[in-house]
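In what follows, a single structure is set out as structure tokens and then discussed.
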Amino acid sequence: MENNRAKKMYDFHVWANQQVFQNLKQLPDGIYGDTIKSVFPSIKEVLVHLYATDITWLEIMKGNTIQDTFKKVEQRRKEVDGVTIDELEFCYEKLAKEYDNFLTSQPDLERTIVTEHPKMGICEFVLADLIHHVVNHGTYHRGNVSAMLHQQGENGAPTDYVFYCLK
């Protein structure tokens, strides 16, 4: 499994999220949760969105229905409402372990899964492609966090893939 490219990309996603959390914890109080005029109302909201979306895709990859997936996401979203940055980071770590358990249990990450999307109907996805989608989505929103930090006079964390490869 170590040589699997999709798994390696997911590991990069976990690493990049860790870099963001480590950076945020070094910054002045308030940066994480303060309301600002940006793409999201706060950095915390970006991270909660990313967390919820990662849960959504894991549940879909596991073969759960969209209805069951939405229920689970709503439940876990409620669990992170009002949590500290350390508590949210811990939730991310638990989710990363869930992903790792799922990915290592899969004999074929190139297999096609079928799911129903509420707006697009029945969809077929290659499992590895969905993993890459999770990573791309995370990269996009880590960029939002970086831009929001710059708006507040702070620096974002370097999370480019090349830094992951050099670690």
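Small disclaimer: the values here were computed from a predicted structure and weren't measured.
Checked against side-chain hydrogen bond (donor to acceptor under 3.5 Å, both in side chains), Q26 has no partners two or more places apart in sequence or in another chain. Remark: K25 pairs with Q22, I85, D86, E89 by the side-chain contact (heavy atoms from CB on, under 4.5 Å) rule, at least two apart or across chains. Legend: residues meeting side-chain hydrogen bond (donor to acceptor under 3.5 Å, both in side chains) with T53, ordered by chain and number and at least two apart, are absent. A search for side-chain contact (heavy atoms from CB on, under 4.5 Å) contacts involving D129 returns V126, not counting sequence neighbours. Evaluation of the side-chain contact (heavy atoms from CB on, under 4.5 Å) rule for D100 yields K7, T104 as partners, not counting sequence neighbours. Residues meeting the side-chain hydrogen bond (donor to acceptor under 3.5 Å, both in side chains) test with D68, sequence neighbours left out: T65. Annotation: side-chain contact (heavy atoms from CB on, under 4.5 Å) contacts of Y161 (sequence neighbours excluded): K8, M9, F12, Y164, C165.
Taking the side chain as every heavy atom from C-beta outward, V145 and L47 approach each other to under 4.5 Å. Contact annotation: the side chain of L27 approaches that of L149 to within less than 4.5 Å [non-hydrogen atoms, C-beta and beyond]. No side-chain heavy atom of Y99 sits under 4.5 Å from any side-chain heavy atom of I131. A 4.5 Å side-chain heavy-atom check between F90 and E93 finds at least one atom pair inside the cut-off.
Heavy atoms from other residues, nucleotides or ligands lying under 6.0 Å from CG of N101 number more than 12.
For the pair L95 and Y10, the tightest heavy-atom approach, listed with the atom from each and the gap, is O-OH, 4.3 Å. Contact between Y32 and L88 at its shortest, heavy atoms only, is OH-CD2, 3.5 Å. When all heavy atoms of I31 and I43 are compared, the pair lying nearest together is O-CD1, 3.7 Å. The nearest pair of heavy atoms linking G138 to L50 is CA-CD1, 3.5 Å.
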In residues 70-78, what donor-acceptor pairs under 3.5 Å come from side-chain atoms, sequence neighbours left out?
{"unit_1": "Q75", "atom_1": "NE2", "unit_2": "E79", "atom_2": "OE2", "d": "3.4"}
{"unit_1": "R76", "atom_1": "NH1", "unit_2": "E98", "atom_2": "OE1", "d": "3.2"}
{"unit_1": "R76", "atom_1": "NH1", "unit_2": "E98", "atom_2": "OE2", "d": "3.1"}
{"unit_1": "R76", "atom_1": "NH2", "unit_2": "Y51", "atom_2": "OH", "d": "3.4"}
{"unit_1": "R76", "atom_1": "NH2", "unit_2": "E98", "atom_2": "OE2", "d": "2.8"}

Scan the side chains in residues 57-64 for donor-acceptor partners under 3.5 Å anywhere in the protein, sequence neighbours excluded, and list what turns up.
{"unit_1": "E59", "atom_1": "OE1", "unit_2": "N64", "atom_2": "ND2", "d": "2.4"}

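V135 and F102 fall into different hydrophobic clusters, where Ile, Leu, Val, Met, Phe, Trp and Tyr are joined by side-chain heavy atoms under 4.5 Å apart, directly or via other members. Residue F163 is not grouped with residue V20 when hydrophobic side chains (ILVMFWY) are merged at heavy-atom distances under 4.5 angstrom, including chains of intermediate members.
The CG atom of L127 sits 9.5 Å away from the OG1 atom of T112 when rounded to the nearest 0.5 Å. Taking CG of N23 as the reference point, atom OG1 of T159 lies at 10.0 Å (rounded to 0.5 Å). Going from atom CD1 of I55 over to atom SG of C91 covers 8.0 Å, rounded to the nearest 0.5 Å.
Applying the salt bridge (charged side-chain N to carboxylate O under 4.0 Å, His left out) rule to pairs touching residues 34-48 yields nothing, sequence neighbours excluded. Within the structure, every pair that satisfies the side-chain hydrogen bond (donor to acceptor under 3.5 Å, both in side chains) test and touches residues 140-154, not counting sequence neighbours, is listed here: H13-R142, N17-R142, S38-Q151, H49-H141, H137-H141, T139-R142, H141-N144. Screening residues 108-124 for salt bridge (charged side-chain N to carboxylate O under 4.0 Å, His left out) gives no qualifying pairs among residues at least two apart or on separate chains.
Although no hydrogens or angles enter the test, the distance criterion places a donor-acceptor pair under 3.5 Å between the side chain of N4 and the main chain of A6.
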